[in-house]
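To start, the structure under review is shown below, and the notes come after it.
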Amino acid sequence: PDLATSFLEQPLDNPLMNAAGVWCTLAAQLDALVESSAGALVTKSCTLSRRDGNAEPRYRALPLGSINSMGLPNEGYAYYLDYAACHDYERKPLFVSVSGLSLDDNLTIVAALREAVLPAFLELNLSCPNVEGKPQPGYDFEAMDQFLAEVATAYRRPFGVKLPPYFDFVHFDTAAEILNRYDNLAFITCINSIGNGLVIDTDSESTVIRPKDGFGGLGGDYVLPTALANVNAFYRRCPGKTIIGCGGVQTGAHVFQHLLAGATLVQVGTALHEEGPSIFDRLQHELRELMAKKGYSRIEEFRGRLKTL
Ligand SMILES: C=Cc1c(C(=O)O)[nH]c(=O)[nH]c1=O
């Protein structure tokens with residue numbers, strides 16, 4: 001079976017890439033993703049200036065996934081624009097994730113990305129749950145609409161958004177209605193971590209991460225059904241847009257499920273953090289095996305074809 005696919009008319013060897021924030025804060029990590037068999041890569045969400053992020057411990061791997069309250073540690077947007085300027089786009093597509101702390105910060109970064117005239121794809125992060133005092137734009141529909149109106153106008157090129165998970169059909173409908181207003185909003189990445197979970201260690205009777213009294217974003221097995229629901233909800237509601245699936249991917253079968261739900265590309269976060277970039281070889285092997293067993297030779301034969309009962 002052939003895993004070749006395309007994204008916004010760009011060919012990719014395969015649909016797999018990292019999730020923003022994982023294995024992508026420093027150039028050496030990004031280089032490792034370029035050297036890996038990932039079909040594409042995305043940079044750590046960036047802000048106007050460099051940030052240390054929250055106090056440690058701020059990430060914990062768990063039997064069923066992970067919890068994090070990193071607090072947006074990053075090298076500042078100029079660092080990632082420099083990296084994007086040196087990237088070999090013939091080799092694999094590069095996405096730049098932007099998570100400015102205000103609309104003005106986002107507009108400054110987006111303008112710089114536009115001026116750089118690079119083939120990189122902008123993934124506007126509307127869903128960081130871990131910056132104290134900063135509500136997620138993705139959960140404030142008025143703010144989200146305003147952000148998108150200004151960014152879509154300023155950027156003018158195709159871009160995408162990273163959404164938080166939604167858990168209610170009225171929210172799927174409202175969010176999709178907003179996204180569908182912007183023609184150059186070309187892709188939707190669902191989902192970011194499930195925000196503000198609380199993991200408790202029974203023996204120590206304590207939280208397991210320091211920031212925010214232990215509240216942090218959940219990833220891994222905890223989030224797969226919610227991720228698949230959001231991928232399929234926006235796939236159904238935004239027929240003109242491309243969906244990128246993110247959340248709970250640990251095996252080739254999980255990649256298959258995201259593709260079946262309507263994803264074109266599939267991002268890997270927690271499992272990549274734990275296993276490293278060799279995971280992309282394992283996931284492709286497992287996906288090929290599954291496709292062969294089912295008699296599929298190409299992804300387009302089943303992508304988006306989720307059956308209902
Ligand atoms: C950009 C900040 C994010 C962070 C973070 O840096 O704390 N963690 C997440 O799970 N999702 C985010 O979007």
Side-chain angles (χ1 to χ4, degrees), residues 17-26 29-30 41-62 64-77 79-80 95-103 105-106 109-110 122-140 143-144 147 151 160-166 188-199 207-224 226-227 230 244-249 267-274:
M17 62 184 287
N18 65 304
V22 183
W23 221 283
C24 58
T25 302
L26 300 173
Q29 294 172 306
L30 292 161
L41 70 156
V42 58
T43 60
K44 167 67 186 175
S45 295
C46 61
T47 47
L48 218 47
S49 33
R50 189 186 172 286
R51 285 173 57 89
D52 289 334
N54 291 338
E56 294 183 342
R58 58 194 190 182
Y59 174 92
R60 268 280 185 282
L62 305 155
L64 294 179
S66 66
I67 185 169
N68 91 82
S69 184
M70 307 303 286
L72 243 180
N74 74 97
E75 296 300 304
Y77 81 99
Y79 179 94
Y80 301 103
F95 292 69
V96 174
S97 174
V98 173
S99 187
L101 299 178
S102 69
L103 174 55
D105 285 6
N106 273 322
I109 299 169
V110 159
L122 166 62
E123 186 181 82
L124 183 67
N125 186 347
L126 298 175
S127 44
C128 178
N130 300 323
V131 179
E132 302 218 33
K134 303 294 296 178
Q136 297 184 47
Y139 284 158
D140 175 344
M144 181 163 103
F147 261 58
V151 167
V161 291
K162 175 74 166 288
L163 295 179
Y166 298 104
I188 304 166
T189 305
C190 297
I191 60 173
N192 207 315
S193 52
I194 294 181
N196 297 303
L198 179 61
V199 171
T207 62
V208 300
I209 55 174
R210 181 181 305 276
K212 293 175 59 178
D213 295 330
F215 285 64
L218 301 177
D221 294 354
Y222 295 115
V223 313
L224 180 61
T226 296
N230 279 261
I244 299 181
C246 184
V249 173
Q267 300 181 343
V268 187
T270 298
L272 168 62
H273 188 284
E274 297 312 306

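Atoms within a ligand are numbered from 1 in the order they appear, just like the ligands themselves.
With no hydrogens or angles considered, a side-chain donor-acceptor pair links T47 and N74 at under 3.5 Å. With hydrogens and angles left out, the side-chain atoms of K212 and N54 include no donor and acceptor closer than 3.5 Å. For S45 and S99, the side-chain atoms include no donor-acceptor pair closer than 3.5 Å.
Proximity to N192 (heavy-atom distance under 4.0 Å) selects the following atoms of ligand 1: 9 (C), 10 (O), 11 (N), 12 (C), 13 (O). Heavy-atom proximity to N68, at under 4.0 Å, picks out these atoms of ligand 1: 4 (C), 5 (C), 7 (O), 8 (N), 9 (C), 10 (O).
Among all protein heavy atoms, the one lying closest to atom 4 (C) of ligand 1 is N130 ND2, 3.6 Å. For atom 1 (C) of ligand 1, the closest non-hydrogen atom of the protein is N125 ND2, 3.3 Å.
Ligand 1 has no N or O atom lying under 3.5 Å from any N or O atom of S45, backbone or side chain. Inclusion of P73 in the set of residues having an N or O under 3.5 Å from an N or O of ligand 1 is not warranted. On a distance-only criterion, S193 and ligand 1 share at least one N/O pair closer than 3.5 Å. Polar contact check, L72 against ligand 1: a nitrogen or oxygen pair lies under 3.5 Å apart. The shortest N or O to N or O distance between P129 and ligand 1 is not under 3.5 Å.
C128 counts as a contact of ligand 1, since one of its heavy atoms falls under 4.0 Å from the ligand. At least one heavy atom of K44 sits closer than 4.0 Å to an atom of ligand 1. Residue G21 places every heavy atom at 4.0 Å or more from ligand 1.
Put simply, the side chain of Y59 never gets that close to the backbone of I209: no donor and acceptor are under 3.5 Å apart. N196 places no side-chain N or O within donor-acceptor distance of the main-chain N or O of F215, the cut-off being under 3.5 Å.
Taking CG from N130 and CZ from R58, the interatomic distance works out to 10.5 Å, rounded to the nearest 0.5 Å. Distance check, rounded to the nearest 0.5 Å: CG of L41 to CH2 of W23 gives 14.0 Å.
Atom CZ of R210 is surrounded by 12 or fewer heavy atoms from other residues, nucleotides or ligands within 6.0 Å.
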